[in-house]
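The next block holds one structure in the form of structure tokens; read it before the comments.
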Amino acid sequence: MQGTSLSPDKVMHKLVSLAKRRGFIFPSSEIYGGLSSCFDYGPLGSEMKRNIKELWWNSMTRRHQNIVGIDASIMMNPTVWEASGHVASFNDPMIDDRTTKRRYRADHLIENHIEKLRRDGKDDEALRVQTVYEACGAAEEPNRALYQLIFDEAIKAPDTGSGDWTEVRQFNLMFQCNMGAVADSSGVVYLRPETAQGIFVNFHNVREASRMKVPFGIAQIGKAFRNEIVKGNFIFRMVEFEQMEMQYFVKPGTQAEAFEAWREERYQWYTRQLGIRPEKLHWYKHDKLAHYADLAYDIKFEFPFGIEEIEGIHSRTDFDLSRHQEYSGKNMEYVDQLTNERFIPYVVETSAGCDRLFLAILSDAYSEDVVDGEERVVLKLSPKVAPVKAAVLPLMKKGGMGEAAMKLRDELAESFPVQYDDAASIGKRYRRQDEIGTPFCITVDHQSLENGTVTVRFRDTAEQERIDMSQTAAFITAKMA
RNA sequence: GCGGGUGUAACUCAGUUGGUAGAGUGUUUGCUUCCCAAGCAAAAUGUCGCGAGUUCGAAUCUCGUCACCCGCUCCA
């Protein structure tokens, strides 16, 4: 048996095709022509996604005595998003070049310009531009101010050298909708652009209800929505996506230690729990930090289309809780009863993209190899995430094997997702299961009827082992641990 | 959003100078009773992405639009 090497650009096409053909992922509302960057999880996809979320939930909440979960609402009081900074910073100022038809972020153009001045040793010049730039945010019309600065400094596009600029326009990355029957501005609410704020605003509720002492964590899995300017790469960047994240509240000054511990733990989760190959994972340290962070690392995965982020581990300081204290007028301090210290906790966040992880697992698992001289497609999924754990296959339909296999299927179904298949040759049925990543095929043959044994066929090696039929569930359970 | 490409069966794709659609794979049923996509015989599945226009007639030509892919860009 040997693996064949796959060209990266082909893999995505094959994945998309396989995902649809076998019921992992379908385009959303496909019969109407679909909807940009929206996808549905099919029968196998929803099962597999559920497995991923359950593994995450177990490892992040149940295994930790000091981490509890919540499930906050998607729509929240709009002031939450002012406090979090999303109203301000999720409005990206964009500018277009009329000649080259390219679009840029206006703030990035200016920042690049300042950097370039510094590189050229024009520090005074850079400082002057920097000062003007920083004043833009406070201007009455920030976008006009940005445009004026780009115009005054004659800033050109870094890639094309062109500078035929349009006005700076604002793109709001938050989805808006109206609460209440009357659509006026007073009823505007947002679909949350991140799940984190649902945790921060519930800080005291959860802490008191669960009698938690710092350090402790609050975890959540849920949908978030971003009106991305650039979408694409299948389910990698969707406008509606699911986050699995945990906010860990610590005493100020201890965040670096907690940060390192979480970095280690989260990395181990991918390699040990999910079985992702370590060589496919990469650490990336943020040089440019978001407005809330003092330290940030991403775990990136080698997708067929490039190395991209699947999880962010960010030290968020006390930014969020402080801001909520400021905007809500409620005290967000924690009181340590032992030492009588009062402080607003610092936060270490681990935030994973569930759909991205799904795609990472799928693309990591996809392989083509050769069994007995025949090519096959096989998803080498970890048994823990595989949507179907075992298939029960009668060697033949007749002669009592079908009935015996069906009976075994019913027994196994008590423990985990299992399929029965008696259509077409045994070889074909093995290949069907290979393609959806089923780790074990249980075959009921002539010998099964005589002595009550079955064969277990292993997906990755195609090798078989004969075991007692009554031990099948226990055998598979042991292999999945 | 911009530039480039693609869109025909569930999947991968043919389809000639405009004359209303085919193949392989897959699926279903029957036979074969079989341990790695075997064979035989049947069958089902098509708004040719969508909407206009040109034409006696459009999968084919024109325009618009939607979706996907690649690049720019952004991000979890």
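In this text the structure is predicted, and so the values were computed from the model without any measurement. Naming: A, B, ... by sequence-line order, numbering from 1 per chain.
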Nucleotide nearest A:Met396 when distance is taken to its side chain, options B:A38, B:U33, B:C69: B:U33
Sugar-phosphate, base or nothing in reach of A:Gln464, heavy atoms under 4.0 Å: base
Check: B:C36 base within 3.5 Å donor-acceptor of A:Arg376 side chain: no
Touch class at under 4.0 angstrom, heavy-atom based, for A:Glu30 against every strand present: nothing
Closest to the A:Glu308 side chain, choosing from B:C69, B:A76, B:C75: B:C75
Residue met sooner reading RNA chain B from 5', once A:Asp298 and A:Phe39 are mapped to nucleotides: A:Phe39
Sugar-phosphate, base or nothing in reach of A:Ile426, heavy atoms under 4.0 Å: sugar-phosphate
Per A:Ser351 side chain, nearest of listed nucleotides B:C36, B:A76, B:A38: B:A76
Contact under 4.0 Å: A:Asn233 side-chain N or O vs B:C70 OP1/OP2: yes
Closest nucleotide among B:A76, B:C36, B:A38 to the A:Arg431 side chain: B:C36
Candidates A:Phe39, A:Phe24, A:Phe305 - the one meeting ring-ring contact (aromatic ring centres under 6.0 Å, His included) with A:Phe234: A:Phe39
P atoms of B:U16 and B:U6, separation to the nearest Å: 16 Å
Whole-angstrom distance between B:A76 and B:C66, as gauged at atom P: 28 Å
Sugar-phosphate only, base, or nothing, as touched by A:Leu18 at under 4.0 Å among non-hydrogen atoms: nothing
Parallel, tilted or perpendicular: rings of A:Phe475 and A:Phe458 (30°, 60°): tilted
A:Lys20 side-chain N/O to B:C11 phosphate OP1/OP2 under 4.0 Å: yes
Distance-only side-chain donor-acceptor flag, A:Glu245 / A:Thr195, under 3.5 Å: yes
CZ on A:Phe301 to OG on A:Ser363, rounded to 0.5 Å: 4.0 Å
B:C35 base / A:Arg429 side chain donor-acceptor hit below 3.5 Å: no
Closest-nucleotide 5' rank along RNA chain B - winner of A:Ala424 and A:Gly312: A:Ala424
Whole-Å C1' distance, B:C72 and B:U54: 37 Å
Among B:C75, B:A67, B:C68, the one nearest A:Leu35 by side-chain distance: B:A67
A:Phe151, CZ atom: more than 12 neighbouring heavy atoms under 6.0 Å: no
Nearest-Å distance for atom pair CZ/P, residues A:Phe241 and B:C75: 12 Å
Phosphate OP1/OP2 of B:U32 contacted by A:Lys398 side-chain N/O (<4.0 Å): yes
